[in-house]
Colleague: 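Here's a structure for you.
In what follows, chains are A, B, ... by sequence order, proteins preceding strands, each numbered from 1. Just so it is clear, the values below take in all heavy atoms, side chains as well, and ignore hydrogens, waters and symmetry mates.
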Protein chains: 2
Amino acid sequence: MDAREVINRLKEHGYKITPQRQEIINVLVQENRHITVEDIHSKISRRYANLSMDTVYRNVGVLERLNVLSRADFGDGKGRYKLVDRERHRHHLICLKCGCSLEMDFCPLDHIDRREISDKNFHIIRHNFEIYGYCAACRGREG
Amino acid sequence: MDAREVINRLKEHGYKITPQRQEIINVLVQENRHITVEDIHSKISRRYANLSMDTVYRNVGVLERLNVLSRADFGDGKGRYKLVDRERHRHHLICLKCGCSLEMDFCPLDHIDRREISDKNFHIIRHNFEIYGYCAACRGREG
DNA sequence: AAATTAAATAGGAATGATTCCTGATTAGGA
DNA sequence: TCCTAATCAGGAATCATTCCTATTTAATTT
């Protein structure tokens with residue numbers, strides 16, 4: 001997903017396009033991996049002083065609600081965000097060291113026997129699937 | 001997993017069995033669903049005053065490191081814990097309302113095309129897969 | 001282009017989960 | 001029973017996130 005698409009999505013839903021919002025989107029587009037709110041804030045702060053964390057949080061929240069941003073939990077208490085891919089939702093191989101993420105074509109819901117769920121009369125709202133480990137570049141220096 | 005098994009695991013690893021630890025384990029066994037540290041603490045506090053939150057956190061951490069406890073994120077910033085099952089690891093359907101969890105037999109790693117991962121030279125350490133939604137009992141009162 | 005206004009912002013305070021610190025207590029082995 | 005490392009309680013500290021409020025601004029209307 002590129003910046004233009006994200007901005008269009010915001011406009012469609014009546015959100016204003018502020019410079020801060022654009023900067024945040026730019027960082028997300030450029031990084032294209034799961035990054036923290038802190039990461040976003042510090043990258044922008046280098047050239048754009050006076051950006052409040054609240055603004056980043058607020059915008060990350062907006063983008064998440066518009067389904068252009070997906071959240072992953074590394075288990076350290078910080079949310080990490082990455083723009084979703086264009087076509088369909090994707091799951092990721094996420095590197096515990098550098099934070100890069102590799103897309104998979106695989107979605108478990110395409111493979112699960114639906115009877116597992118319908119038999120239990122369960123109403124699915126959402127699902128998580130992430131694989132964590134070390135990417136090719138980070139293997140070998142895991143210790 | 002029952003209380004005895006958990007305690008054996010602790011002993012094997014040289015941990016002492018304190019009354020606080022036993023109470024925490026009892027609650028986890030009795031509830032057998034994903035519950036917060038706060039939940040554990042308040043349940044025990046009713047009959048056992050002066051239990052510090054830190055003690056619950058510390059013990060949850062110990063049990064998690066021993067792989068007898070699994071953590072799930074509902075996305076509200078609180079960790080939720082549940083004893084793992086005996087046989088093999090399981091994934092769950094987790095109710096966003098009551099927190100109950102239903103086991104699935106399905107594990108995505110059994111179905112994924114391994115080439116998706118080996119082609120990328122990725123070293124898997126762990127994975128998450130949870131389905132969130134509403135259980136049979138909670139459907140209908142979702143709003 | 002100026003006026004208007006709901007939305008968005010900065011900054012700082014507040015919250016809430018989790019961790020850290022310290023001195024006191026205790027489980028379990030000797 | 002004694003000893004000691006492990007564990008604990010309580011409270012302070014930390015850290016991510018949210019809330020509050022006065023100010024600014026994007027985008028629409030005149």
Side-chain angles (χ1 to χ4, degrees), chain A residues 3-4 6-27 34-66 69 71-81 99, chain B residues 3-4 6-27 34-66 69 71-81 99:
Chain A
R4 184 185 352 253
V6 176
I7 287 171
N8 285 343
R9 184 77 68 94
L10 284 166
K11 284 184 178 168
E12 283 168 23
H13 289 265
Y15 289 98
K16 294 178 179 177
I17 309 305
T18 66
Q20 292 92 333
R21 210 157 256 176
Q22 297 205 49
E23 292 282 354
I24 291 166
I25 294 166
N26 287 343
V27 169
H34 285 91
I35 55 176
T36 65
V37 165
E38 174 78 47
D39 292 334
I40 298 170
H41 182 265
S42 70
K43 280 192 190 301
I44 296 173
S45 292
R46 287 190 201 135
R47 56 178 182 292
Y48 189 107
N50 298 344
L51 175 73
S52 85
M53 288 294 275
D54 190 40
T55 296
V56 185
Y57 275 106
R58 195 168 355 89
N59 281 292
V60 161
V62 166
L63 296 174
E64 197 183 5
R65 259 171 270 122
L66 290 180
L69 205 57
R71 179 187 163 113
D73 280 285
F74 278 40
D76 63 356
K78 307 180 199 176
R80 282 180 168 76
Y81 301 87
Chain B
R4 179 179 0 247
V6 177
I7 287 171
N8 286 341
R9 184 78 67 96
L10 283 167
K11 284 184 178 167
E12 283 167 22
H13 289 264
Y15 290 98
K16 294 180 176 174
I17 310 305
T18 66
Q20 294 92 332
R21 210 156 255 176
Q22 297 206 50
E23 292 282 353
I24 291 166
I25 294 165
N26 288 344
V27 169
H34 285 91
I35 56 177
T36 64
V37 165
E38 173 78 47
D39 291 335
I40 298 170
H41 183 265
S42 70
K43 279 192 192 303
I44 296 172
S45 292
R46 287 190 201 134
R47 56 180 182 290
Y48 189 107
N50 296 345
L51 175 74
S52 84
M53 289 293 276
D54 191 41
T55 296
V56 184
Y57 275 106
R58 194 167 359 87
N59 280 292
V60 161
V62 167
L63 296 174
E64 196 183 5
R65 258 170 271 124
L66 291 180
L69 205 56
R71 177 187 163 114
D73 281 286
F74 278 40
D76 63 356
K78 307 179 197 176
R80 283 182 168 74
Y81 300 88

Colleague: If every non-hydrogen atom of B:Asn26 is compared with every non-hydrogen atom of B:Ala3, which pair is closest and at what distance?
Modeller: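 That closest heavy-atom pairing would be OD1-CB, 4.3 Å.
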Colleague: Provide the closest heavy-atom pair for A:Ile40 versus A:Val27 in the form atom of the first, atom of the second, distance.
Modeller: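 Minimum heavy-atom separation between A:Ile40 and A:Val27: CA-CG1, 4.2 Å.
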Colleague: Rounded to the nearest 0.5 Å, how far does CZ of A:Arg46 lie from CG of A:Leu51?
Modeller: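 Result: 13.0 Å between the selected atoms.
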Colleague: For residues 53-66 of chain A, which residues have at least one heavy atom under 4.0 Å from DNA chain D?
Modeller: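 Output list: A:Asp54, A:Tyr57.
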Colleague: Send over the distance from A:Arg21 CZ to D:dT25 P, rounded to a whole Å.
Modeller: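 So the two atoms are 15 Å apart, to the nearest Å.
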Colleague: Is there a side-chain contact between B:Asp39 and B:Thr36 in this structure, where contact means two heavy atoms from C-beta onward sitting under 4.5 Å apart?
Modeller: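 Of all side-chain heavy-atom pairs linking B:Thr36 with B:Asp39, at least one is under 4.5 Å.
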Colleague: State, to 0.1 Å, how close A:Leu66 and A:Arg9 come at their nearest heavy-atom pair, and which atoms those are.
Modeller: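 Heavy atoms only, the tightest pair is O-NH1, 2.9 Å.
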Colleague: Show the nearest heavy-atom pair for residues B:Ile24 and B:Thr55, with the distance to one decimal.
Modeller: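 Heavy-atom minimum between the residues: CD1-O, 4.1 Å.
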Colleague: Quick check: does any side chain N or O of A:Arg21 sit under 3.5 Å from a backbone N or O of A:Lys16, one acting as donor and the other as acceptor?
Modeller: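 Yes, A:Arg21 side chain to A:Lys16 backbone: donor-acceptor pair under 3.5 Å.
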Colleague: Counting only heavy atoms from other residues, nucleotides and ligands, does the tally under 6.0 Å from CZ of A:Arg47 exceed 12?
Modeller: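 Atom CZ in A:Arg47 is packed in, count exceeds 12.
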Colleague: If you fit an axis to the five pairs at each end of the helix from C:dA1-D:dT30 to C:dA30-D:dT1, how big is the angle between those two axes, to 10 degrees?
Modeller: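 Terminal axis comparison yields 30°.
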Colleague: Any heavy-atom pair between the side chains of A:Leu69 and A:Val62 that's under 4.5 Å?
Modeller: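 No, every pair of side-chain atoms sits at 4.5 Å or beyond.
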Colleague: If you pin B:Pro19 and B:Glu38 to their nearest nucleotides in DNA chain C, which one's is more 5'?
Modeller: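 Nearest nucleotide further toward 5': that of B:Glu38.
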Colleague: Within the structure, does a side-chain N or O atom of A:Gln20 lie under 4.0 Å from either OP1 or OP2 of D:dT25?
Modeller: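 Answer is no, no contact under 4.0 Å.
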Colleague: Could you state the atom-to-atom distance from NZ of A:Lys78 to P of D:dT17 in whole Å?
Modeller: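 Distance, rounded to whole Å: 9 Å.
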Colleague: In whole Å, what is the span from the CD atom of A:Glu23 to the P atom of D:dT25?
Modeller: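 From A:Glu23 CD to D:dT25 P: 15 Å.
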Colleague: Apply side chain to side chain donor-acceptor pair (under 3.5 Å) to A:Arg71 and list each qualifying residue two or more places apart in sequence or on a separate chain.
Modeller: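 Checked A:Arg71 against side chain to side chain donor-acceptor pair (under 3.5 Å); matches are A:Asp73, A:Tyr81.
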Colleague: Mind checking if A:Gly14 touches a base, just sugar-phosphate, or nothing, with heavy atoms under 4.0 Å?
Modeller: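 No contact.
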Colleague: Of the listed nucleotides (C:dA8, D:dA26, C:dA10), which one gets closest to any side-chain atom of A:Tyr15?
Modeller: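 Within the option list, the nearest is C:dA8.
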Colleague: Which nucleotide sits closest to the side chain of A:Leu51: C:dA10, C:dA27, D:dA26?
Modeller: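 Of all the options, the side chain of A:Leu51 is nearest to C:dA10.
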Colleague: Any side-chain N or O of A:Thr18 under 4.0 Å from OP1/OP2 of C:dT9?
Modeller: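 For C:dT9, OP1/OP2 do have a side-chain N/O of A:Thr18 under 4.0 Å.
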Colleague: Round to a whole Å and report the spacing from NZ of A:Lys11 to P of C:dA8.
Modeller: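 Rounded to whole Å, this separation is 14 Å.
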Colleague: Please work out if B:Lys16 contacts a base, only the sugar-phosphate, or nothing of the nucleic acid, heavy-atom cut-off 4.0 Å.
Modeller: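 The answer is base, as B:Lys16 lies within the cut-off (heavy atoms under 4.0 Å) of a base atom.
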Colleague: What is the distance, to the nearest angstrom, from the CG atom on B:Asn50 to the P atom on C:dG23?
Modeller: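 Answer to the nearest Å: 20 Å.
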Colleague: Of the nucleotides C:dA10, C:dG28, C:dA8, which has the atom closest to the B:Ile17 side chain?
Modeller: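 My answer, after comparing the listed nucleotides, is C:dG28.
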Colleague: What is the separation between atom CD1 on A:Ile7 and atom C1' on D:dA26, rounded to the nearest whole Å?
Modeller: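 Spelled out: CD1 on A:Ile7 to C1' on D:dA26 is 13 Å.
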Colleague: Starting at atom CD of B:Glu12, determine the distance to atom P of C:dG28, rounded to an integer number of angstrom.
Modeller: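 Those two atoms, CD and P, are 15 Å apart.
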Colleague: Output the rounded distance in Å from CD1 (A:Ile24) to C1' (C:dT9).
Modeller: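 Nearest whole value for this atom pair: 11 Å.
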